[in-house]
Amino acid sequence: MELIVARGREDLVKARRGGTVALVPTMGALHEGHRSLIRQARVRADQVVVSIFVNPLQFGPNEDFSRYPRTFESDLHACRAEDVDVVFHPAAEDMYAPDRQVGVSAGQMGRIVEGAFRPGHFDGVLTVVLKLFNLVQPDLAVFGQKDAQQLALIRRMVADLDLPIEILGVPTVREPDGLALSSRNRYLSGDDRRVALALSRALRAGAAQLTPAEIRRTARAVLDEAGPELDVDYLALVDPATFTEVGDGFEGMAVLAVAASVGSTRLIDNVTLTLNPS
Ligand code: AMP
C-alpha cells in the first residue's frame, strides 16, 4: 500500500481502513529505536500510524527546539521501509491555536527526576500525546522505555483519564558499544561520544549490584570517573510506576535513570533491574 501523509484530522479520517490502529508518536529524525517501535506496532495492529511532530510545548526556553533535527524526507523513506500506513505530520500552527488555554497537567510526578530539570516538559508531552490520541484514535500506542518517566506518565494519564488505549513499552535500542540511540546523538563529536558512553557504562555497573545503596554508589563512581566533560543532572533509582526513589528494603522492578550533558547535548538513559528477587 502507498504511504499516506496526513496533515490534519480530515486526512486521518480519510485514511482509516477499519481494523485496529496502532500509533507511534515521534519527533522524527527516525533511527533504529523508532523503527523497533514501528515493528512492534506493525505486528500488533492492522494499520500503523507514525506521527512526526517536533512539539514546541515540551521544550523549555533554553532548550534545543530550533536546532532539533528535522529530516522529513529520510523519515518517510524509513516509514516506507517499515510498511507504515500513515505518517501524520501536522503543522505547529494547526496543532496549537494562538489563544489556546487548556492542557494536561502531569501533576507531582511530572515535577520530579527529569521533570525537576525540565519544568513544564511533561505537561507539554502529555498535552501533545492526548491530542494525538484524539486525532488518530488508536487502539494501541507504542512508546520507548528509553524515555521511562514519559512512558510511566503516559500510563498514568491513560489510567487517570480513562483513555481506551493500550500502551506498549519497547526496550531501548543501543549501539554495539552501549550508547542508547537518540536523535540527539548526531550532535556528539568523537570525543563527546566517548564521554557519553559513561552513561550506559554507569547503568550497567549499577545494575550488576544487589542493594539500592551499592547500585547508586557504583553507578555514581563510573559517572565521576568520566570527569568534568560529563555534566550530570541526576542519577536516580526509582519505582518504575511512580518515579519515586526506592529505599533499602525495596523489592521488585526498579529503574536506574541518568541524565547528563556532554557539551551542549543533553542525554538521558536508564535500565530496568530487579531488587531482592525471592
Ligand atoms: P522521540 O522522537 O525522541 O520523541 O522518540 C519517539 C519515541 O521513540 C519515544 O517513545 C521514545 O521513547 C522512543 N525511542 C527513542 N529512542 C529510542 C531507543 N533508543 N530505543 C527505543 N525507543 C526509543
Side-chain angles (χ1 to χ4, degrees), residues 1 3-30 34 37-38 40-42 44-59 65 68 70 72 75-76 79 82 84-110 115 118 120-170 241:
M1 284 280 271
L3 178 71
I4 297 169
V5 177
R7 300 284 176 185
R9 190 197 292 271
E10 269 180 35
D11 293 345
L12 287 165
V13 169
K14 249 190 269 165
R16 283 202 84 118
R17 294 280 172 267
T20 53
V21 175
L23 170 65
V24 183
T26 82
M27 298 203 297
L30 300 183
H34 299 112
L37 270 51
I38 294 170
Q40 291 296 322
R42 184 72 278 167
R44 279 174 169 77
D46 299 317
Q47 203 177 21
V48 174
V49 181
V50 172
S51 62
I52 297 179
F53 180 62
V54 185
N55 174 33
L57 238 54
Q58 69 188 71
F59 288 80
F65 174 71
Y68 197 86
R70 288 160 171 88
F72 189 62
D75 291 348
L76 284 184
C79 287
E82 296 297 347
V84 168
D85 298 287
V86 180
V87 166
F88 179 43
H89 186 51
E93 52 275 24
D94 293 336
M95 285 294 270
Y96 298 118
D99 62 344
R100 66 171 208 96
Q101 301 287 321
V102 177
V104 180
S105 163
Q108 171 59 13
M109 200 176 148
R118 302 187 72 187
H121 169 69
F122 287 119
D123 294 354
V125 169
L126 294 188
T127 299
V128 79
V129 169
L130 183 60
K131 285 170 70 75
L132 292 169
F133 285 177
N134 286 332
L135 286 159
V136 175
Q137 303 198 2
D139 303 282
L140 169 75
V142 187
F143 296 88
Q145 281 165 14
K146 162 83 169 25
D147 298 275
Q149 191 171 0
Q150 168 177 291
L151 174 59
L153 276 162
I154 285 161
R155 291 192 193 283
R156 218 32 281 163
M157 175 171 77
V158 164
D160 290 351
L161 302 183
D162 302 302
L163 307 181
I165 298 169
E166 184 192 342
I167 303 300
L168 179 70
V170 174

List, one per line, each side-chain donor-acceptor pair under 3.5 Å for residues 144-155, sequence neighbours excluded.
unit_1 : atom_1 : unit_2 : atom_2 : d
Q149   : OE1    : E114   : N      : 3.1
Q149   : NE2    : M109   : O      : 3.0
Q149   : NE2    : I112   : O      : 2.9
R155   : NH1    : I167   : O      : 3.2

**Listed once per pair and sorted, the salt bridge (Lys or Arg N to Asp or Glu O under 4.0 Å) pairs that draw on residues 3-21, sequence neighbours left out** =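 Passing the test, one end in residues 3-21: no pairs.
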**Residue pairs passing the salt bridge (Lys or Arg N to Asp or Glu O under 4.0 Å) test where at least one lies in residues 84-108, sequence neighbours excluded** =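 Listed by first then second residue: R42-D85.
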**Asked** Which atom names give the shortest non-hydrogen contact between V86 and A15, and what distance separates them?
**Response**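 Closest pair (atom of V86, atom of A15, distance): CG2-CB, 3.8 Å.
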**Request:** Looking only at non-hydrogen atoms, find the nearest pair between L3 and C79 and report the distance.
**Result:**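 Here L3 and C79 meet closest at CD2-CB, 4.3 Å.
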Residues in side chain to side chain donor-acceptor pair (under 3.5 Å) contact with [X], at least two apart in sequence or another chain:
X   : result
R70 : none
T20 : D46
Q40 : R44

**Complete:** CZ (F143) and CG (L23) are apart, to the nearest 0.5 Å, by 6.5 Å
**Message:** I need the F59 CZ to M27 CE distance, nearest 0.5 Å.
**Reply:** 4.0 Å
**Asked** Can you name the residues that form a ring-ring contact (aromatic ring centres under 6.0 Å, His included) with H121, not counting sequence neighbours?
**Response** none
**Test ring-ring contact (aromatic ring centres under 6.0 Å, His included) applied to F53 - qualifying residues, sequence neighbours left out** = none
**Message:** Side chains of N55 and Y68 only: does a donor on one sit below 3.5 Å from an acceptor on the other?
**Reply:**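 Result is no, nothing qualifies.
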**Complete:** By side chain to side chain contact (heavy atoms under 4.5 Å, CB included), L37 pairs with (sequence neighbours left out) V24, V142, V170
**Test side-chain contact (heavy atoms from CB on, under 4.5 Å) applied to V49 and V84, V21, V87, I4, the passing residue** = V21
Acceptor/donor pairs from residues 122-136 side chains to any protein atom, 3.5 angstrom cut, sequence neighbours excluded:
unit_1 : atom_1 : unit_2 : atom_2 : d
D123   : OD1    : A106   : N      : 2.8
T127   : OG1    : V104   : N      : 2.9
T127   : OG1    : D123   : O      : 2.7
K131   : NZ     : M95    : O      : 2.8
N134   : ND2    : L130   : O      : 3.3

**Asked** Considering residues at least two apart in sequence or located in another chain, which fulfil the salt bridge (charged side-chain N to carboxylate O under 4.0 Å, His left out) criterion with R156?
**Response** D160
